[in-house]
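A short write-up of the structure that comes next.
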Amino acid sequence: MEYPFGSIERKWQQVWREKRIFNAPQQSDKPKYYVLSMFPYPSGVLHIGHASNYSIGDAVTRLKLMEGRSVMQPMGYDSFGMPAENYAILHNSHPRLTTEENIAAMRKQFDGMGFGLDWDREVSTCRPDYYRWGQYLFKKLYEKGLVYRKKSFQNWCEECQTVLANEQVEEGTCWRCHSAVEQKDLEQWYFKITDYAEELLDFSKVIDWPERVMTMQKNWIGKSAGAKIDFTLQDSETKIPIFTTRPDTIYGVTFMALPPEHPLVQGWLANDPDNAAMHDFCHKVINADKMLRSSADTIKEGIFSGRYCINPLNGAKVQIWITNYVLMDYGTGAVMAVPAHDQRDFDFAKKYNIPMKLVIQNLDTSLNLNTMSEAYTEAGIMANSAQFDGRDSETAKADITAWAAENGWGEQTHTYRLRDWGISRQRYWGNPIPVIHCPKCGVVLVPDADLPVQLPDNVQVGRTTSNPLLSVPEWLNVSCPKCGTAARRETDTMDTFVDSSWYYARYADPKNTDQPFAPELAKHWLPVDQYIGGIEHAVMHLMYARFIYKFMRDLGWVDSDEPFARLLTQGMVTKDGAKMSKSKGNTVDPQYIIDRFGADTLRVFLMFASPPEKDVEWSDDGVMGSFRFLNRVWRLIDSHKDIIRKGLATGNPQKEISAEIAELRYEAHHAIFRWHEDCLSRMQYNTAIASTMELLNAIIRIKMPQTLNAAELAIYAFACAALPKMLYPFAPHIAEELWQDLGNTILLHDSGLPEYNKQYLCRDSITYVVQINGKIRGKLEVSADIDPEALKAQALELENVQRSLDGFSIKKIIVVAGKMVSIAAGK
RNA sequence: GCGAAAGUGGCGGAAUUGGCAAACGCGCUGGACUUAGGAUCCAGUGAGGUUAAACUCUUAGGGGUUCGAGUCCCCUCUUUCGCACCA
């Protein structure tokens with residue numbers, strides 16, 4: 001007989017909904033806790049990954065409620081973007097319709113899993129009441145000088161017909177469709193995330209983030225310290241600033257390397273249309289595959305520009321080369337090349353017979369340009385460097401920079417790998433950028449009163465080679481809000497990562513029609529106490545959100561520095577060791593499991609199979625194990641509920657208890673203690689469930705509970721009553737039902753945590769292990785308060801210990817309290 | 001190449017501060033029961049060894065520290081992830 005999971009789950013889901021126990025109050029006297037899980041795209045189908053992600057969040061939510069906190073666990077949908085547009089195309093419909101249908105379908109499935117979500121706070125990014133405030137945020141960023149427009153070469157996905165941010169290019173392919181990314185010269189909108197680069201490097205204000213994610217962001221931001229030095233174009237006043245992390249090698253510069261995109265090069269090209277070789281080379285490099293060009297394996301190529309520049313430190317005249325290995329958008333876009341001490345410059349100089357100059361010597365002065373087969377890139381003793389000769393190169397760096405600065409040739413500086421965030425997308429299904437282009441006034445922001453700029457509905461969604469918004473003249477053509485002249489709307493929409501950069505704040509005040517959210521509500525709920533999501537957002541969403549949050553802080557909308565205090569990057573659900581995917585055909589439908597074994601079984605399996613941050617390997621047999629476990633709990637309590645109720649009602653009678661029950665008491669308190677550690681200190685739910693199973697096994701070992709005396713029955717009932725509480729975060733429906741079976745009227749979330757008594761965490765008698773030189777030679781059952789000397793004596797008397805010590809002399813005896821006696825012996 | 005994390009039975013995984021390796025679950029073996037079930041209950045289950053013990057070996061491999069190492073240190077290998085001409 002199976003327990004009636006279906007009816008139980010429906011019953012409690014309805015009770016929770018009616019009693020609104022998961023609808024968080026706006027304000028509360030209780031300490032708040034804000035639990036947030038991944039912001040889903042409403043695919044219409046709940047995947048096993050969703051089930052796993054939200055099972056963790058729901059466990060946290062219910063634990064924090066049991067702890068007595070005021071908990072908010074909201075849910076919403078990241079519903080703009082390519083997938084929604086593609087879905088609509090596929091179903092020959094409009095994304096506005098299909099998105100709402102999918103949202104309704106998903107909400108039902110979330111409820112079917114029994115997640116305690118606050119549906120009063122639901123947001124969807126594609127609804128005007130939400131995206132209105134995204135546009136408002138854009139305007140605020142613009143007003144603060146953090147938005148600009150720039151024409152430059154962009155990552156372009158032909159498949160998606162849109163540009164991509166650097167973070168969204170994976171191995172040269174689009175992060176969405178994985179088709180090749182090309183370069184296209186386009187005018188685009190940017191958010192100046194680099195203004196916050198320094199602060200984004202600082203993780204001191206987060207409480208608990210995985211080291212891995214912080215490292216990935218730090219590497220992505222990629223700060224390097226060095227010097228900016230101005231070289232000068234020969235016979236000219238024109239400066240060519242370079243950035244270097246090795247100012248100690250500056251006397252070794254033998255050429256200057258520029259990319260074809262460099263403005264100086266572009267100027268030479270424009271003034272010299274007949275130089276076919278230079279034009280050809282630049283054209284070839286600019287249009288080369290960006291991935292290939294930026295790969296270390298690509299063969300270095302270049303062409304001599306015919307120009308020279310002057311090294312300000314020693315007046316040396318050096319050749320200027322146009323090359324394929326220098327990037328325009330890093331540092332100053334110009335490199336002082338030191339072939340003797342940089343491998344890239346070395347390779348290039350060898351190929352084109354450019355002279356080299358040795359300026360760093362190793363400690364045994366064995367370096368010789370004629371015999372070097374590679375650059376010497378380490379620190380050493382400076383040589384051929386005028387007044388710096390003989391100095392240690394590492395410590396001389398600062399002095400060289402200082403000397404250059406004194407003479408006005410440069411300065412100490414640093415640079416970042418991070419680029420500004422390109423947010424323009426040439427797609428229909430996104431948040432319109434609230435800008436009007438006026439032939440007289442230029443870029444004009446749409447006035448607040450006219451927000452939101454609504455997406456027109458009458459658009460043919462489909463594969464088009466241009467932005468569909470261009471095809472709606474009545475939307476496109478407007479008069480300038482400033483001067484009234486006929487003007488045109490911006491047709492770019494915002495990257496959906498803009499929408500997801502602030503949604504967690506909107507949850508604090510989701511229905512506000514006057515502002516994005518009331519600052520006092522945001523200040524109450526934020527930061528998010530626990531965020532649960534996938535590692536794939538490490539340098540995208542999680543960095544963008546930190547940037548926008550810091551901006552909102554600077555506006556005074558929020559009053560903390562980090563949006564997500566604790567971050568858990570949860571693992572994937574795999575099958576046969578591989579990520580589940582439709583193409584591999586190894587997916588599992590959560591609904592199938594729910595229908596047969598119940599949502600509780602699925603949730604217990606997902607939480608038990610591995611710790612939350614690790615991948616979960618799907619196992620049909622494992623699901624059966626969880627199902628059997630819940631059935632055993634059900635049978636135990638259901639068939640003994642009368643005596644358990646009786647035992648719970650007896651108070652604490654003073655009677656002798658059997659050794660068997662004393663052991664059960666120890667097991668129960670110990671299991672609850674470990675559950676506390678695992679659930680509240682460590683977030684290791686797999687072992688919390690294991691402890692619950694152990695307690696169940698310990699209770700089942702008591703065969704005839706009806707024969708227990710009053711004191712024993714009280715202990716038995718205590719142990720049984722702990723089970724629903726311990727199960728509640730993972731299997732809330734069956735837990736709530738069993739809790740009620742035991743005569744409780746208050747729901748579990750309001751009934752407090754299961755409690756243990758420290759007094760019962762140790763046994764009266766303890767088994768000591770006796771080791772000789774680390775090998776177990778015997779065991780001793782002794783009273784817990786035994787005197788160490790007596791213990792040593794007893795240990796030495798053990799027959800097996802005696803035998804093992806034969807022919808040895810004892811050097812030392814170590815007693816580890818409560819654990820072991822360790823004897824060090826030697827010949 | 002650089003950086004990070006990891007490597008434990010047939011499988012998923014436990015092991016708090018260096019203190020009985022393999023908890024818990026799955027699977028498997030044998031048995032009981034019969035309402036024949038995706039049931040339940042009992043016993044067993046790292047490898048070798050033994051009637052049973054004793055004993056030996058075992059946390060990727062090798063070395064070290066220690067009375068004692070999955071855990072700390074050094075070297076090597078493997079896997080996964082991130083970055084990768086960043087001057």
Side-chain angles (χ1 to χ4, degrees), chain A residues 1-2 170-171 210-220 222-224 226 242-246 249 257 293-300 323-327 329-338 341-345 347-348 415-418 535 538-539 574 596-597 604-605 608-611 614-629 631-632 635 674 677-678 681-682 684 686-694 696-697 700 767-777 779 800 803-804 810-814 816-826:
Chain A
M1 272 283 283
E2 293 165 351
E170 294 172 352
E171 294 177 356
E211 202 57 48
R212 183 158 72 120
V213 176
M214 296 192 286
T215 307
M216 279 167 75
Q217 287 200 11
K218 284 177 192 166
N219 289 343
W220 189 265
K223 181 178 182 175
S224 8
I242 59 93
F243 172 78
T244 181
T245 56
R246 293 295 303 274
T249 63
R293 181 173 164 198
S294 65
S295 154
D297 304 331
T298 302
I299 302 207
K300 287 165 188 49
T323 71
N324 65 345
Y325 73 96
V326 175
L327 307 171
D329 51 6
Y330 183 76
T332 60
V335 169
M336 67 170 213
V338 187
H341 305 292
D342 182 285
Q343 192 57 43
R344 296 156 296 182
D345 302 341
D347 295 343
F348 192 85
T415 189
Y416 301 96
R417 209 189 77 116
L418 179 73
I535 186 70
V539 287
T574 60
R596 272 153 200 81
F597 309 107
V604 167
F605 167 73
F608 177 62
S610 76
K614 287 183 70 175
D615 290 352
V616 176
E617 170 68 14
W618 183 264
S619 152
D620 291 331
D621 288 329
V623 174
M624 286 312 300
S626 298
F627 186 56
R628 282 201 293 264
F629 163 59
N631 270 304
R632 279 204 299 276
R635 279 198 302 274
R674 291 211 324 257
E677 296 287 305
D678 292 340
S681 311
R682 305 200 305 162
Q684 191 161 306
N686 55 331
T687 48
I689 293 170
S691 295
T692 313
M693 289 172 171
E694 282 182 73
L696 173 68
N697 294 342
I700 289 175
T767 305
Y768 274 84
V769 171
V770 183
Q771 284 189 350
I772 298 171
N773 291 340
K775 294 201 186 301
I776 299 161
R777 288 293 183 252
K779 293 191 178 183
N800 208 20
R803 191 173 54 225
S804 303
I810 297 169
K811 290 181 171 164
K812 185 159 59 162
I813 302 179
I814 296 152
V816 183
K819 295 228 162 98
M820 68 165 55
V821 179
S822 186
I823 302 165

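Note that this is a predicted model, so its numbers are computed, not measured. Here is the naming used below: chain letters follow the sequence lines, and residue numbers restart at 1 for every chain.
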Taking N or O atoms only and anything under 3.5 Å, show me the protein contacts with nucleotides 41-51 of chain B, one pair per line.
{"from": "B:rC42", "atom 1": "OP1", "to": "A:Lys703", "atom 2": "NZ", "distance (Å)": "3.2"}

(message) Between B:rU65 and B:rU51, how far apart are the two P atoms, rounded to whole Å?
(response) 40 Å
(request) Indicate for each nucleotide in nucleotides 80-87 of chain B, in 5' to 3' sequence, whether protein heavy atoms under 4.0 Å reach the base (B), only the sugar-phosphate (S), or nothing (-). (result) -SSSSBBB
(request) Locate the shortest heavy-atom distance separating A:Thr245 from A:Ser224; write the atom from each residue and the value. (result) CG2-CB, 4.0 Å
(request) Summarise protein proximity over nucleotides 9-19 of chain B in one line of letters, 5' to 3': B for base, S for sugar-phosphate only, - for none, counting protein heavy atoms closer than 4.0 Å. (result) ---BSSSB--B
(message) For B:rG9, does the O4'-C1'-N9-C4 or O4'-C1'-N1-C2 angle fall within 90° of 0, making it syn, or is it anti?
(response) syn
(message) Restricting to side chain to side chain contact (heavy atoms under 4.5 Å, CB included), what partner residues turn up for A:Asn773, sequence neighbours left out?
(response) A:Ala824, A:Ala825
(message) Just verifying a value: how many Å separate A:Gln217 CD and A:Leu418 CG, rounded to the nearest 0.5 Å?
(response) 10.0 Å
(message) If you compare every side-chain N and O of A:Asn800 against the phosphate oxygens of B:rA53 (OP1, OP2), does one of them come in below 4.0 Å?
(response) no
(message) Would you compute the distance between atom CZ of A:Arg246 and atom CE of A:Met336 and round it to the nearest 0.5 angstrom?
(response) 8.5 Å
(message) With rounding to the closest Å, how many angstrom separate the P atoms on B:rC24 and B:rG44?
(response) 12 Å
(request) Quote, to the nearest angstrom, the C1' distance that separates B:rG48 from B:rG63. (result) 26 Å
(request) With P as the reference atom in both, quote the distance from B:rA4 to B:rU58 in angstrom, rounded to an integer. (result) 31 Å
(message) On a heavy-atom basis, which atom in A:Thr332 and which in A:Ile242 lie closest, and how many Å separate them?
(response) OG1-CA, 3.2 Å
(message) Could you tell me how far B:rC11 sits from B:rC28 if I compare only their C1' atoms? Round to whole Å.
(response) 11 Å
(request) Could you measure between the two C1' atoms, the one in B:rG1 and the one in B:rU56, and give it in whole Å? (result) 45 Å
(request) Could you pull out the closest heavy-atom pair between A:Asn324 and A:Ile299, with the gap in Å? (result) ND2-O, 3.0 Å
(request) On RNA chain B, check which nucleotide each of A:Lys812 and A:Arg777 is closest to and give me the residue with the more 5' one. (result) A:Arg777
(message) How many whole angstroms separate atom CZ of A:Phe627 from atom P of B:rC24?
(response) 22 Å
(request) Please name all residues satisfying side chain to side chain donor-acceptor pair (under 3.5 Å) with A:Thr767, sequence neighbours left out, ordered by chain then number. (result) A:Glu781
(request) Side-chain contact test, heavy atoms from C-beta onward, threshold under 4.5 Å: evaluate it for A:Arg212 versus A:Ile535 and give yes or no. (result) yes
(message) What stems show up for RNA chain B when you take Watson-Crick pairs (N1-N3 plus N6-O4 or O6-N4) and G-U wobbles (N1-O2, O6-N3), both under 3.5 Å, and require three or more consecutive pairs?
(response) B:1-7 with B:77-83, B:10-12 with B:24-26, B:27-32 with B:40-45, B:46-48 with B:55-57, B:60-64 with B:72-76
(message) For A:Asp620, give me all partners under side chain to side chain donor-acceptor pair (under 3.5 Å), at least two apart in sequence or on another chain.
(response) A:Trp618
(request) Kindly write out the residues that satisfy side chain to side chain donor-acceptor pair (under 3.5 Å) with A:Arg628, not counting sequence neighbours, or none if the list is empty. (result) none
(message) Whole angstroms only, please: what is the CD1-P distance between A:Ile776 and B:rA53?
(response) 16 Å
(request) Please name all residues satisfying side chain to side chain contact (heavy atoms under 4.5 Å, CB included) with A:Ala609, sequence neighbours left out, ordered by chain then number. (result) A:Phe605, A:Val616
(message) So, taking the atom named NZ in A:Lys779 and the one named CG in A:Asn800, what distance separates them when rounded to the nearest 0.5 Å?
(response) 12.0 Å
(message) Does A:Arg596 reach a base, just sugar-phosphate, or nothing at all? Heavy atoms under 4.0 Å.
(response) base
(message) Please enumerate all residues that pass side chain to side chain donor-acceptor pair (under 3.5 Å) together with A:Asp615, with sequence neighbours excluded.
(response) none
(request) Indicate yes or no: at least one non-hydrogen side-chain atom of A:Met820 is less than 4.5 angstrom from one of A:Val770. (result) no
(request) Report yes if some heavy atom in the side chain of A:Tyr325 is under 4.5 Å from a heavy atom in the side chain of A:Val335; otherwise report no. (result) no
(request) Quick one: label A:Lys775 by what it contacts on the DNA or RNA (base, sugar-phosphate, nothing), any heavy atom closer than 4.0 Å. (result) sugar-phosphate
(request) Send over the distance from A:Leu696 CG to B:rC24 C1', rounded to a whole Å. (result) 12 Å
(request) Remember a base hit wins even if backbone is also touched, and classify A:Ala824 as base, sugar-phosphate or nothing at under 4.0 Å, heavy atoms. (result) sugar-phosphate
(message) Heavy atoms only, 4.0 Å cut-off, all strands: where does A:Asp620 land among base, sugar-phosphate and nothing?
(response) nothing
Between the protein and nucleotides 32-35 of chain B, are there any N/O to N/O pairs under 3.5 Å, and if so, what are the atom names and distances?
none

(request) In whole angstrom, give me the gap between the C1' atoms of B:rG70 and B:rA60. (result) 12 Å
(message) According to side chain to side chain contact (heavy atoms under 4.5 Å, CB included), who are the partners of A:Ala690, at least two apart in sequence or on a separate chain?
(response) A:Phe608
(message) Let me confirm one number: the CG-CD distance from A:Asp678 to A:Gln684, rounded to the nearest 0.5 Å.
(response) 6.0 Å
(request) Using the C1' atom as the reference point in each nucleotide, state the distance between B:rG12 and B:rG31 in Å, no decimals. (result) 28 Å
